[in-house]
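Notes follow once the structure below has been shown.
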Amino acid sequence: MRCRVTRLYSTDGRKVPSLQAVIASPGVVVAAGREPFKPGNYDIQKFLLPARLPGISRRVYPKGNTRSESKKMTVYEVHVATGELWNAGTVANVYISIYGKKGDTGSRQLFRSKSSISFLRGQTDTFFLEAVYLGDLYKIVIGHDGLGPGNGWFLDDVVISDPTTNHEYVFFCHRWLDQGEDDGKIVRELYARDNNIISASLFDVIFNKGNICIFQSHEIRHLSLAVNNGFVTGMASGGASTELRVRYQPNRCALLESAQVPGHTVVFDSHGKIADESSTSYAGLSKEFVVFVKGVFLNSAVVLLATSLCQALCLQPDGSCTGVGNQSEKSYWKVHKISAGICMFESVKNARMYLRIKDGQCDGTGTGDIDCHFKIKKNLENASVSLESTKSPGLFVGLQSDGQVKPVIYTKNGNVFFYPQVIKFGRENPMGMSATPSQEEEKIQESKHQQEIPPESEARCSSLSSTAKEVRPFQSSETLLSEDEWKVLVLTGNTGTQANATLWVYGDEGVTGPISLSKDSPEQLFLPRQEDEFQVEIRNIGEIYKIRIGHDATSEQPEWNLQKVTMQHMKSKKTLDFAANVWLSRIQAEGDVVCELPAIKGGQAMFPSVSLGKLQKVLLRCEASDKSQYWYCEKVIVREPGTASQSIFTCERWLPFMSQGIIHSEIERYLQGED
């Protein structure tokens, strides 16, 4: 070149930042001086052979004299699975070389997938590569050029279908191809493995004797997990091979060992598949199972909220939160139990910084107020939990595709699923006491103050906390009623209880509770078909819209048939009804001893209106089995209650719709205008 080269670009105009990127580029780079990039027809095939990645040959080299055979072109179907880890997708150009006993394809760029956008998190892309017949496949080399923002990639596996033999070759990876992750490599050499592996499944655990259990398949009821002749398989339930001993480990995990042949254990590979213990390499194999138990969110427990196999919810130095943190002490959270099913999460590494949802944002800069209260929603189908804001019902802690945390509406797509692991077990709170740290400090200060005052002044100085109070049995009084006084009537059905009952009251500006529903003679409370009356103080929570009521299941009679709760404001006589007719029992109905009841007005449940702030987009979905069920949506108009403003989202298309040969049942529409 006669001109000085100061910049290199890819053929589509992106800067080539490093020598490694040059080596990994698609065969052609555009050289420039000080002038800007000029678009043009930079056809790779005009200049040289297909792209070359490190360790990848440039063309197919048939072995032996296969001149006539090399003319027979074959189309290989290549399925590339991007991992489920957050930020796993890539926008870089991806290349592959396939090796068989009769030759290799050379480096080929993977583009024109069946998906509209390739290599998205959790997505499997399908490509078609034409080549001569390669014989039995044994290896691939796959990588990317490192170009573009967010170019790092977590590759799960590659499956290649041979059209000649109809055989599928599986190449497991389950590693990062990222200069900033793992070992920093963006090219990997993968070898074929047998894909005839038993997949993990859901199991019903049958306790046999001691620590010996049978893991019965939830889908195929007559089969159970078994270790037979050194192999893990499925066998008829009840046989000796299906008896597995659960051995707990010091690191809070467990092993599943054959009771029939001690020492033989269930082993999984890094892809979650059952593996053979006799594998030549133990790299990526694991015998350990994480134990999920009830009581994860006890008060003062320390937990890790995993977002994937190796990532967790983590507080960042700037106060933001991410779901791509390492599963280390930086991702530990201390649980502060507010009431049954409601908790706060304080960073262990950064004390007094709490997870919160406020003003349309989710971060770790909370101070322990109601913005930090989360209701624990259990997702039993996948052993995960979701965290719903109690101040903004309907908003959950969620993750964006890059792993950053934001408030979202609950969906089943996995961005609200967290998998809790107990680092340190906590303890149950005494009924009627809140775990809020600020309240605990107030009680300590109050105790110190009471020690300093004369005994005769103690009665006059005693007061009740605004968030955790004891209920006074209702008595008629001539004293002046305050604005905070309420009467609570609790109607029991055909079955009463002697357990300790507790009440929480929710308003659109706060929550009061737990409130212990007790009297001097507890044995006379909550008898069958009896209505019990209490007087409580409720301060500064705004308009009441629901209550939470339950018991601790501690008595000889822990079952309770609750019929109805009524609240009446003592001064204004305003009455709120909460219809129940529920069983609060460990063995009846749903097995819950706590329930939530909405206030009923005019036959309708009252719920507060929650502002989502300025709307940005809507998600429309229509599932149809035939065209008669298709839906034509012209536009969506969302009006904010109490105001004249409305947001308009134009659609003007049918749902479902077809794009690039794929039927889509949902579509996102962005804000078009506001009135």
Side-chain angles (χ1 to χ4, degrees), residues 297 305 307 313 321 323 338-345 354-364 366 369-382 384-401 404-418 420 504-513 541-549 576 578 590 592 594-601 604-621 636-643 645-647 649 666 668-671:
F297 299 107
L305 299 173
T307 57
L313 182 67
C321 290
I338 304 303
S339 59
I342 297 180
C343 300
M344 295 195 304
F345 298 91
Y354 297 82
L355 185 67
R356 72 170 185 179
I357 288 180
K358 184 178 182 181
D359 299 331
Q361 301 294 324
C362 183
D363 55 40
D369 57 10
I370 193 172
D371 293 323
C372 308
H373 293 191
F374 292 95
K375 180 180 178 182
I376 311 298
K377 175 179 171 59
K378 299 177 182 178
N379 307 300
L380 299 180
E381 67 275 9
N382 60 4
S384 72
V385 299
S386 300
L387 307 180
E388 180 184 13
S389 169
T390 61
K391 185 175 181 181
S392 302
L395 288 184
F396 289 77
V397 177
L399 302 179
Q400 303 181 90
S401 59
Q404 290 303 303
V405 177
K406 70 170 185 178
V408 299
I409 297 173
Y410 183 88
T411 62
K412 290 288 187 179
N413 65 6
N415 67 334
V416 296
F417 294 159
F418 297 93
W504 296 260
V505 183
Y506 292 79
D508 55 9
E509 297 179 7
V511 59
T512 291
I541 66 170
E543 193 73 18
I544 296 173
Y545 66 91
K546 75 172 182 180
I547 62 171
R548 176 187 288 254
I549 188 169
L576 298 175
F578 303 86
E590 301 294 328
D592 294 325
V594 178
C595 69
E596 288 189 353
L597 306 173
I600 304 298
K601 184 177 182 180
Q604 298 293 324
M606 297 168 53
F607 289 103
S609 298
V610 178
S611 176
L612 300 179
K614 184 177 180 180
L615 302 185
Q616 298 176 346
K617 67 179 179 180
V618 295
L619 177 66
L620 305 177
R621 182 178 182 88
V636 176
I637 300 175
V638 181
R639 297 185 178 91
E640 185 169 349
T643 69
S645 65
Q646 61 182 22
S647 303
F649 303 85
E666 63 181 36
E668 290 182 346
R669 298 284 85 181
Y670 288 83
L671 183 66

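- The distance from the NZ atom of K358 to the CG atom of L395 is 15.0 Å, given to the nearest 0.5 Å.
- For the pair L355/L313, a side-chain contact is recorded, criterion being any heavy-atom separation below 4.5 Å from C-beta on.
- Taking CD1 of I342 as the start and SG of C372 as the end, the distance is 13.5 Å to the nearest 0.5 Å.
- In terms of heavy-atom proximity, G323 sits nearest to V405 at N-CG2, 4.2 Å.
- Shown here for A599 and I544, the closest heavy-atom pair between the two residues is CB-O, 4.4 Å.
- Residues V511 and R548 form no side-chain contact, since every pair of their non-hydrogen atoms from C-beta on lies 4.5 Å or further apart.
- Other residues, nucleotides and ligands place no more than 12 heavy atoms under 6.0 Å from the CD atom of Q616.
- Scored by the side chain to side chain donor-acceptor pair (under 3.5 Å) test, K375 finds E596 as partners (sequence neighbours excluded).
- For the side chain to side chain contact (heavy atoms under 4.5 Å, CB included) test, residues two or more places apart in sequence or in another chain that qualify with E666 are L619, R621.
- Here OG1 of T512 is found 12.5 Å from CH2 of W504. Values are rounded to the nearest 0.5 Å.
- Side-chain atoms of S647 do not come within 3.5 Å of backbone N or O of L615 as any donor-acceptor pair.
- Closest approach of V397 to F374, counting heavy atoms only: CG2-CE2, 3.5 Å.
- Counting only heavy atoms from C-beta outward, the side chains of D371 and S392 never approach each other to under 4.5 Å.
- How far CD1 of I357 is from CG of L387: 8.0 Å, rounded to the nearest 0.5 Å.
- With rounding to the nearest 0.5 Å, the separation of OH in Y410 from CG in N415 is 10.0 Å.
- Contact of the F418 side chain with the S386 side chain is not registered, since no non-hydrogen atoms from C-beta on lie closer than 4.5 Å.
- Inter-residue side-chain proximity for M344 and H373 is flagged as met; some heavy-atom pair is nearer than 4.5 Å.
- No cation-pi contact links K377 to F396, judged by a cut-off of 6.0 Å to the six-membered ring centre and 45° from its axis.
- Taking a 6.0 Å sphere around CD1 of I600, one finds it holds more than 12 heavy atoms contributed by other residues, nucleotides or ligands.
- Annotation: side chain to side chain contact (heavy atoms under 4.5 Å, CB included) contacts of V618 (sequence neighbours excluded): L620, F649, R669.
- The minimum heavy-atom distance linking F297 with I376 is given by the pair CE1-CG2, 3.7 Å.
- Within the model, atoms SG of C321 and CZ of R356 stand 10.0 Å from one another, a figure rounded to the nearest 0.5 Å.
- With hydrogens and angles ignored, the 3.5 Å screen pairs a side-chain donor or acceptor of E388 with a backbone N or O of G394.
- Of all the heavy atoms in Y506 and I541, the pair that sits closest is C-CD1, 4.2 Å.
- Nearest heavy-atom pair across P407 and C362 is CD-N, 3.7 Å.
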